[in-house]
Amino acid sequence: MFFVLSNGVTVLQLALMPLFKAGFGLTSLVDTSFQVLAVGSNPDGSPFYLFDYAAGGLPEGGGGLAYFLAVQVTLLIAQVINFFAQRNVTFKSNTNIWRAAFWYTVAYVVITFAAAALQGWYKAPVYELLIDTWGMGKTGETVADMVTMMINAVLSFWVFFPIFKIIFKREPEPVEPADVGGSGGVDVSSARAGQEV
């Protein structure tokens with residue numbers, strides 16, 4: 001069930017991402033750079049940003065704040081749906097929903113940062129390959145969006161499952177104390193005596 005729901009959420013992400021990207025792409029946010037959390041440097045000496053969305057359209061730029069927001073809004077919607085689907089359907093959890101939501105959010109933030117760090121290694125080469133090297137243009141950009149989203153989905157899939165096993169526990173239901181005589185309050189001995197007469 002986890003696999004089925006995870007794939008369903010991934011399909012939803014693949015459907016939503018182009019819509020949000022197109023919507024945010026119509027704004028000036030494309031030309032607003034979003035490069036934060038410099039952690040070291042690239043082989044060419046330029047700073048390596050954990051979130052690296054340089055101003056300008058892809059592949060020349062990094063899509064700017066528009067691309068960052070398209071990715072994050074898509075992920076947020078998918079993760080909210082995933083939280084309830086996995087909690088209620090896959091794990092049938094009956095533990096405190098607020099505690100589970102807190103730990104899910106912590107896991108989501110950690111995974112987002114880890115995925116952003118990994119994306120710094122593969123995002124630019126994938127876009128350059130599909131858009132420039134293979135000459136696919138706008139189609140290559142869409143395919144590259146899907147490839148990067150799939151990579152993120154696979155990473156999330158393998159990381160979230162063990163986390164879900166911890167935060168979506170199913171506590172045993174409290175057992176009602178047994179009725180005296182075991183017959184819902186009816187005195188069995190007097191019922192038998194009535195039958196024997």
Side-chain angles (χ1 to χ4, degrees), residues 2-83 86 107-163:
F2 175 78
F3 183 75
V4 170
L5 290 175
S6 294
N7 283 328
V9 169
T10 300
V11 170
L12 175 67
Q13 286 178 258
L14 293 174
L16 289 178
M17 176 63 183
L19 298 175
F20 282 115
K21 187 178 171 203
F24 284 119
L26 297 173
T27 70
S28 62
L29 295 175
V30 173
D31 299 317
T32 303
S33 181
F34 187 78
Q35 295 174 298
V36 295
L37 300 175
V39 288
S41 56
N42 292 309
D44 66 359
S46 62
F48 179 86
Y49 294 100
L50 199 58
F51 295 98
D52 190 5
Y53 298 88
L58 296 161
E60 298 81 22
L65 187 56
Y67 189 80
F68 172 78
L69 290 174
V71 169
Q72 295 308 316
V73 170
T74 300
L75 287 174
L76 179 64
I77 291 169
Q79 293 309 319
V80 168
I81 292 169
N82 195 41
F83 172 81
Q86 298 293 359
Y108 169 67
V109 169
V110 169
I111 290 168
T112 298
F113 276 82
L118 289 172
Q119 194 177 54
W121 291 352
Y122 66 79
K123 180 182 168 189
V126 167
Y127 280 88
E128 287 172 18
L129 174 71
L130 293 170
I131 296 171
D132 293 333
T133 307
W134 290 359
M136 294 174 67
K138 214 56 173 147
T139 302
E141 184 178 333
T142 302
V143 172
D145 287 343
M146 290 185 179
V147 169
T148 56
M149 191 65 68
M150 289 295 294
I151 293 170
N152 281 335
V154 168
L155 292 172
S156 294
F157 176 85
W158 288 109
V159 174
F160 264 124
F161 184 74
I163 292 170

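All values reported here derive from a predicted model rather than from experimental measurement. For reference, positions follow the sequence shown, starting with 1. Only this structure's heavy atoms are used, side chains among them; waters, hydrogens and symmetry mates stay out.
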Exercise answer: donor-acceptor pairs, residues 110-118 side-chain atoms, under 3.5 Å, sequence neighbours excluded:
residue	atom	partner	partner atom	Å
Thr112	OG1	Tyr108	O	2.7

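- In this structure, the side chain of Thr27 does not engage the main chain of Gly23 through any donor-acceptor pair within 3.5 Å.
- The distance from the CG atom of Asp52 to the CD atom of Gln119 is 9.5 Å, given to the nearest 0.5 Å.
- Applying side-chain contact (heavy atoms from CB on, under 4.5 Å) to Leu16 and the options Val73, Val11, Ile77 leaves one that passes, Ile77.
- Taking both residues in full, the closest heavy atoms of Val159 and Pro162 are given as O-CD, 3.3 Å, listed atom of the first, atom of the second, then distance.
- Ring geometry for Phe68 against Tyr53 counts as perpendicular: the plane angle is over 60°, on a 0 to 90° scale with 30° as the lower cut.
- Remark: Leu69 pairs with Phe24, Leu29, Leu65 by the side chain to side chain contact (heavy atoms under 4.5 Å, CB included) rule, at least two apart or across chains.
- Looking at Thr74 and Met149, their side chains come closer than 4.5 Å, going by heavy atoms from C-beta outward.
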*Verify side-chain contact (heavy atoms from CB on, under 4.5 Å) between Glu141 and Leu130, making sure each step is shown before the conclusion.*
CA-CA 7 Å; Glu141 184 178 333; Leu130 293 170; over 6 Å; no
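- Remark: Met17 CE to Leu12 CG distance equals 13.0 Å, nearest 0.5 Å.
- For the 3.5 Å distance criterion, the side chains of Asp145 and Tyr127 qualify, holding a donor opposite an acceptor.
- Within the model, atoms CG of Asn152 and OH of Tyr122 stand 4.0 Å from one another, a figure rounded to the nearest 0.5 Å.
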